[in-house]
Colleague: 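Structure below; questions to follow.
Start at 1 and go down the list; that is how both ligands and their atoms are numbered.
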Amino acid sequence: MTLPSRPGLEAVPAYRQGRSAPAGASKLSSNESPHPPLPSVVEAVQQRLATMHRYPDMSAAALRGRLAERYGVDPAAVTVGAGSVELAAQLIHAAAGPGDEVMFAWRSFEAYPSLVRIAGAIPVAVPLDEHHTHDLDAMLAAITPRTRLIFVCNPNNPTGTVVTAEALEAFVAAVPHDVLVVIDEAYVHFDRTGSFGAGVELFRRHPHVAVLHTFSKAYGLAGLRVGYALAPTEVAENQRKVAVPFGVTDLAQAAAVASLDAEDELATRIDEVVAQRERLHGLLTEAGWPAVPSQANFVWVPAGERTGALDASLHDGGVIARAFPDEGIRISSGSMEDIDRVQSALQIPSALQEARA
Ligand SMILES: *Cc1c(COP(=O)(O)O)cnc(C)c1O
């Protein structure tokens, strides 16, 4: 006897977490913040520990209210989820079903294809251009009557590239209004081009745009699982229908509000991560690797068949990165010490010589 298994699930790959690091190694495989939580955030969470026998506020009213105020939008347009990956799932389930198409660039966030298949919809992956950037013209050309939703990951994971606010605006304007454009800005805080914040502006100006933000990366709350979306209110209503009830814990809500209170302090940390990202890019380039300039908290090295060799030398130097076999490697920008370690690892001769041979 075989237990039931939903048809189609065989095509869904299980999500792969960035490799964990052995004690003492630098974990640069999941784009987490290298900084421990702010004392004020820890304090806010501690104050809520004594009420963990109660369910959280399912509407997350305090957090959503703060976000609505921050962006000057209707609180009904703000939804929260257990990380923005849950919001991506909500948006897909709210907009697409069997036979519908959901488009994204490729390579991009690894979760997209699985989430689309889990919804029974059809993933449409449009290759990045030769600069490892979204090919918005090709994406426009790939729209069909069955397209329901398009993800634009900006800056893109894992390549760190951005599309400009102007290009994104032209794209959004050209997409039919019955297709939802979801701008995933998980890394927007690390963007030092002028396009910072483009997604929220587009959300304000266009009826078919949603934006995803997370507290996991720049705000350093990856372990608590909280993110939010700004979406057209009728979409947000449907998101609430498909959401898993009580998905965002009270601790996560409290930590998110405390983080919004501490944005000045967090900005300093974000600047440090950006400085180490630039240093990381420089080190890789000097060592002869084809590192792509990045606007996120990681650097992509499309090393092709040399990927394994680069991964091995990093590993030997105590650095755990995210390798995509024969394609490339993504290294998160960690603390100064982490990037010192990358610097030393890049000197490890055996693997490098082997790679260049
Ligand atoms: C990390 C990431 C997210 C969200 O992560 P959560 O921890 O679920 O908030 C969303 N999109 C992209 C592209 C990411 O890299």
Colleague: Which ligand 1 atoms, with their elements, are less than 4.0 angstrom from a heavy-atom of R225?
Modeller: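 Taking each heavy atom of R225 in turn, ligand 1 has 6 (P), 7 (O), 8 (O) under 4.0 Å.
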Colleague: Using ring centroids (six-membered ring only for Trp), state whether F298 and Y187 fall under 6.0 Å.
Modeller: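 Yes, the ring of Y187 comes within the 6.0 Å limit of the ring of F298, centre to centre.
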Colleague: I150 pairs by side chain to side chain contact (heavy atoms under 4.5 Å, CB included) with which of V182, V124, I143, L140?
Modeller: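 Of the listed options, the one satisfying the test is I143.
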Colleague: Is T307 reaching over with its side chain to a backbone N or O of G328, donor-acceptor style, under 3.5 angstrom?
Modeller: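 The answer is yes, because a donor-acceptor pair under 3.5 Å joins these two groups.
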Colleague: Grab the two heavy atoms, one from D135 and one from V126, that are nearest each other, plus how far apart they are.
Modeller: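 In this case the closest contact between D135 and V126 is O-CG1, 4.5 Å.
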Colleague: Give the atoms of ligand 1, by number and element, whose distance to some non-hydrogen atom of K217 is under 4.0 Å.
Modeller: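 Near K217, meaning under 4.0 Å from one of its heavy atoms, ligand 1 has 1 (C), 2 (C), 3 (C), 4 (C), 5 (O), 14 (C), 15 (O).
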Colleague: Among R66, R269, R70, whose salt bridge (Lys or Arg N to Asp or Glu O under 4.0 Å) with E263 holds?
Modeller: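 Of all the options given, the one that passes is R70.
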Colleague: Mind checking whether E86 contacts ligand 1 via backbone (N, CA, C, O), side chain (CB onward), both or neither, at a 4.0 Å heavy-atom cut-off?
Modeller: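 Under 4.0 Å from ligand 1, E86 contributes no heavy atoms.
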Colleague: Is the closest heavy atom of F215 to ligand 1 under 4.0 Å?
Modeller: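 Judged by the 4.0 Å heavy-atom criterion, F215 does not count as contacting ligand 1.
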Colleague: Which residue holds the protein heavy atom closest to atom 10 (C) of ligand 1, what is that atom called, and what is the gap in Å?
Modeller: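 Atom 10 (C) of ligand 1 sits closest to the protein heavy atom S84 OG, 3.2 Å.
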Colleague: Give the residue and atom name of whichever protein heavy atom lies nearest to atom 15 (O) of ligand 1, and the separation in Å to one decimal.
Modeller: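 Here the nearest protein heavy atom works out to Y187 OH, 2.6 Å.
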Colleague: Mark the output for G227 as yes if a heavy-atom distance to ligand 1 is under 4.0 Å, and as no if none is.
Modeller: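 Judged by the 4.0 Å heavy-atom criterion, G227 does not count as contacting ligand 1.
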Colleague: Answer side chain, backbone, both or neither: which part of D184 comes under 4.0 Å from ligand 1, heavy atoms only.
Modeller: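 Within the 4.0 Å criterion, D184 contacts ligand 1 through side-chain atoms alone.
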Colleague: Exactly one of V226, D57, V78 should register a side chain to side chain contact (heavy atoms under 4.5 Å, CB included) with L63. Which one does?
Modeller: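 Only match with L63 under side chain to side chain contact (heavy atoms under 4.5 Å, CB included): V226.
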Colleague: With V188 as reference, evaluate K217, H213, Q295 under the side chain to side chain contact (heavy atoms under 4.5 Å, CB included) test and give the passing residue.
Modeller: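 The option that passes is H213.
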Colleague: Counting heavy atoms only, which part of C153 comes closer than 4.0 Å to ligand 1: side chain, backbone, both or neither?
Modeller: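 The part of C153 near ligand 1 is the side chain, not the backbone.
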Colleague: Is G83 close to ligand 1, meaning an N/O of one under 3.5 Å from an N/O of the other?
Modeller: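 No, no N or O pair falls under 3.5 Å.
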Colleague: Would you please indicate if the ring centroids of F171 and H134 are separated by under 6.0 Å?
Modeller: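 Centroid separation for F171 and H134: 6.0 Å or greater.
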Colleague: Which of the numbered atoms in ligand 1 are under 4.0 angstrom from any heavy atom belonging to T214?
Modeller: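 Taking each heavy atom of T214 in turn, ligand 1 has 6 (P), 9 (O) under 4.0 Å.
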Colleague: Which atoms of ligand 1 are found less than 4.0 Å from any heavy atom of A186?
Modeller: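 Near A186, meaning under 4.0 Å from one of its heavy atoms, ligand 1 has 2 (C), 3 (C), 10 (C), 11 (N), 12 (C), 14 (C).
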